[in-house]
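Atoms considered below: every heavy atom in the structure, side chains included; atoms not considered: hydrogens, waters and symmetry mates.
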Amino acid sequence: MAILPLAPGETIGILGGGQLGRMLAQAAARLGFDVAILEPAPDAPAGRVAAHTVRGAYDEPRALEALAAVASLVTFEFENVPASAVAHLTAQDVEVAPNARALAVAQDRVEEKSFLNSIGVATVAFAAADSPEGAVAAMAQIGAPALMKTRREGYDGKGQRWVEHAAEAAAVFESLGGKPVILEAPADFVRELSVIAARGRDGELAIYPMAENHHENGVLRRSVAPAAVSPALAEQAERIAAQVLTGLDYIGVIGIELFELSDGRLLVNEIAPRVHNTGHWTMDGCEVDQFEQHIRAIAGWPLGPTAAIARVEMLNLLGDEVDAWLKYAGEPETRLHLYGKRDAKPGRKMGHVNRVSPLGPERR
Ligand code: AMP
């Protein structure tokens, strides 16, 4: 087991070699840690900035053992970490943070909403279905229209479809692969917001101001933070974050996606047990960003400040938009963050820019 607080010079393991792993590795390096990345793909963005890279599948015992040989504390950059990987690491005396319960809850949309409702956090109404007949019955319960999503492994709007009429429910179920689904009532939201928060080893909480998020084709396009919100809305988000973090006995950073309704209520859409794209603004809008905060939390260090020191508009650079790097580099108000990915496939997250301006009246 890791001896906490983890001292500089120790090695932190990260499952996943994408951009989130890369930015976590960069933050860890700034605090004096080495990082070991476990990743199946060659030439991964995180591996190129890490001290060690183990190539292998996340559920491959030999790869996990190679990671355990160098790191006594392991975290992850994505929520679909197999439960068997966590069990295998734990059996080798390696601690995995955030914990297995947070992963299990976040991996299944029905578990997630059931957990949230059980701790008094509101979501849209929902029903589960495992068969075409079950989908029809679930529609009868929720009413049309409803959004059908696969329970597991959906991301960026994939694996979900609107059901406009109850009669379509069975066909939509089949079109999503015949896998277990959730049916969700429509959230009649005025804005999509998110809150990034952290919980430390001693239960200390650190909650960032909310971001306002805009999606295109199911993918995050743009976030503005701090979002202009009333003190009551900010308090509501902070209460939700605190309930979720303590309810999961959570260690590390979490991303909580929210719907703001016209009556001022917040519903939770999703929780991501990891650093989050809607928290990238903190890299230039806060003294301690979400990546360093996560490393501090899992390493048992004190958490850092979360107040905004600037207003940030974060834009994701998708596909060949990254080719404009030189233009962005020439803008004095723009901070450029590139992920080192070789292949700019359409829609792929290649980097992001944070456009920084002085804090305005949204300051709390
Ligand atoms: P998700 O994959 O659950 O994050 O959903 C992707 C996007 O679909 C969200 O950011 C919303 O814009 C939209 N969405 C998801 N669930 C609902 C819902 N129940 N009602 C309305 N819009 C939704």
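Here the side chains of Val110 and Ser114 are in contact, with some heavy-atom distance below 4.5 Å. When side chains are defined from C-beta on, Val105 counts as touching Leu248, because their heavy atoms get closer than 4.5 Å. Counting heavy atoms from C-beta outward, Arg222 and Glu313 have side chains that approach closer than 4.5 Å. A 4.5 Å side-chain heavy-atom check between Glu257 and His276 finds at least one atom pair inside the cut-off. Residues Phe126 and Leu183 form no side-chain contact, since every pair of their non-hydrogen atoms from C-beta on lies 4.5 Å or further apart. When side chains are defined from C-beta on, Gln26 does not count as touching Phe291, because their heavy atoms never get closer than 4.5 Å. With contacts defined as side-chain heavy-atom distances shorter than 4.5 Å, the pair Phe173/Val181 qualifies. Considering only heavy atoms from C-beta on, Thr11 comes within 4.5 Å of His52 through its side chain.
Here Arg274 contributes atom CZ and Phe78 contributes atom CZ; the two are 10.0 Å apart, rounded to the nearest 0.5 Å. Taking CD of Gln92 as the reference point, atom OG of Ser72 lies at 12.5 Å (rounded to 0.5 Å). Summarising the geometry, atom OH belonging to Tyr339 is positioned 10.0 Å from atom CZ belonging to Arg22; distances are rounded to the nearest 0.5 Å. Atom OG of Ser194 and atom CD1 of Ile254 lie 12.0 Å apart (nearest 0.5 Å). With values rounded to the nearest 0.5 angstrom, Thr334 atom OG1 is found 15.0 Å from Trp325 atom CH2. How far CD of Glu287 is from CG of Asp289: 11.5 Å, rounded to the nearest 0.5 Å.
With hydrogens and angles ignored, the 3.5 Å screen pairs no side-chain donor or acceptor of Arg311 with any backbone N or O of Pro358. A donor-acceptor distance shorter than 3.5 angstrom exists from the side chain of Gln107 to the backbone of Glu79, with no hydrogens or angles considered. Using a distance-only test at 3.5 Å, with no hydrogens or angles considered, no donor-acceptor pair links the side chain of Arg221 to the main chain of His214. Proximity of a side-chain donor or acceptor of Arg152 to a complementary backbone N or O of Asp108 within less than 3.5 Å is not detected. A donor-acceptor distance shorter than 3.5 angstrom exists from the side chain of Glu77 to the backbone of Gly21, with no hydrogens or angles considered. Side chain of Lys149 to main chain of Arg109: no donor-acceptor pair is present (N/O by atom type, distance under 3.5 Å, no hydrogens or angles). Side chain of Asn354 to main chain of His280: a donor-acceptor pair is present (N/O by atom type, distance under 3.5 Å, no hydrogens or angles). For the pair Thr306 (side chain) and Ile207 (backbone), a donor-acceptor distance under 3.5 Å is present. The backbone N or O of Pro273 sits less than 3.5 Å from a side-chain atom of Tyr250, completing a donor-acceptor pair. The backbone N or O of Gly340 sits less than 3.5 Å from a side-chain atom of Arg48, completing a donor-acceptor pair.
Closest non-hydrogen pair, Gly330 versus Pro332, comes out as O-CD, 3.5 Å. When all heavy atoms of Gly13 and Leu67 are compared, the closest pair comes out as CA-CD1, 4.2 Å. Residues Tyr58 and Gly17 come closest through the heavy atom pair OH-N, 4.3 Å. Heavy-atom minimum distance, Thr278 versus Ala211: O-CB, 3.8 Å. Closest approach of Met350 to Gly319, counting heavy atoms only: CG-O, 3.4 Å. Of all non-hydrogen atoms in Ile12 and Ala71, the two that sit nearest each other are C-CB, 4.1 Å.
Ile251 and Leu73 fall within the same hydrophobic cluster, where Ile, Leu, Val, Met, Phe, Trp and Tyr residues are linked whenever their side-chain heavy atoms come under 4.5 Å apart, directly or through other members. No path of Ile, Leu, Val, Met, Phe, Trp and Tyr side chains, each step under 4.5 Å between heavy atoms, connects Leu103 with Val275, placing them in separate hydrophobic clusters. Hydrophobic clustering, with ILVMFWY side chains joined whenever heavy atoms are under 4.5 angstrom apart, groups Met283 together with Val288. Residue Leu15 is not grouped with residue Val35 when hydrophobic side chains (ILVMFWY) are merged at heavy-atom distances under 4.5 angstrom, including chains of intermediate members. Under a hydrophobic clustering in which Ile, Leu, Val, Met, Phe, Trp and Tyr are joined whenever their side-chain heavy atoms come within less than 4.5 Å, directly or via other members, Leu64 and Ile14 fall into different clusters.
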Q: In sequence, state the C-alpha distance, the side-chain angles, and the governing distance for Arg355 and Leu315, and then conclude on side-chain contact (heavy atoms from CB on, under 4.5 Å).
A: CA-CA 8 Å; Arg355 290 201 159 119; Leu315 297 175; 3.4 Å; yes
Q: For side chain to side chain donor-acceptor pair (under 3.5 Å), just list the numbers for Asn213 and Ser223, CA-CA rounded to whole Å, side-chain angles, deciding distance to a tenth of an Å, and then say yes or no.
A: CA-CA 4 Å; Asn213 306 312; Ser223 288; 2.7 Å; yes
Q: Go through the steps to decide whether Phe189 and Leu258 satisfy the test side-chain contact (heavy atoms from CB on, under 4.5 Å), and finish with yes or no.
A: CA-CA 9 Å; Phe189 57 83; Leu258 302 163; over 6 Å; no
Q: Start with the C-alpha gap between Val195 and Tyr208, add the side-chain angles, then the distance that decides, and say whether side-chain contact (heavy atoms from CB on, under 4.5 Å) holds.
A: CA-CA 7 Å; Val195 59; Tyr208 290 95; 5.8 Å; no
(Q) The test is side-chain contact (heavy atoms from CB on, under 4.5 Å); show your working for Val96 and Thr75 and say whether it passes. (A) CA-CA 6 Å; Val96 180; Thr75 189; over 6 Å; no
Q: Would you sort out whether Glu235 and Arg239 count as a salt bridge (Lys or Arg N to Asp or Glu O under 4.0 Å), showing the intermediate values?
A: CA-CA 6 Å; Glu235 265 168 45; Arg239 200 164 52 238; 5.1 Å; no
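Put simply, the residue from Gln293, Gln290, Glu292 that forms a side chain to side chain contact (heavy atoms under 4.5 Å, CB included) with Thr282 is Gln290.
Salt bridge annotation for Asp43-Arg342: present, with a cationic side-chain nitrogen under 4.0 angstrom from a carboxylate oxygen. One finds a salt bridge joining Arg201 and Glu95 here, because a Lys/Arg side-chain nitrogen approaches an Asp/Glu carboxylate oxygen to under 4.0 Å. Salt bridge absent: Lys179 and Glu153 never bring a charged side-chain N and a carboxylate O closer than 4.0 Å.
Counted within 6.0 Å of CD on Glu204, heavy atoms from surrounding residues, nucleotides or ligands total more than 12; the atom is thus considered enclosed. Within 6.0 Å of CH2 in Trp301 there are more than 12 heavy atoms belonging to other residues, nucleotides or ligands.
Taking the six-membered ring where the residue is Trp, the centroids of Phe76 and His294 are separated by 6.0 Å or more.
With hydrogens and angles left out, the side-chain atoms of Arg199 and Thr246 include no donor and acceptor closer than 3.5 Å. Neither side chain, His352 nor Gln19, offers a donor N or O lying under 3.5 Å from an acceptor on the other. A side-chain donor from one of Asn316 and Asn277 sits under 3.5 Å from a side-chain acceptor of the other. Neither side chain, Ser262 nor Asp188, offers a donor N or O lying under 3.5 Å from an acceptor on the other.
For His337, the side-chain hydrogen bond (donor to acceptor under 3.5 Å, both in side chains) partners two or more places apart in sequence, or in a different chain, are Asp284.
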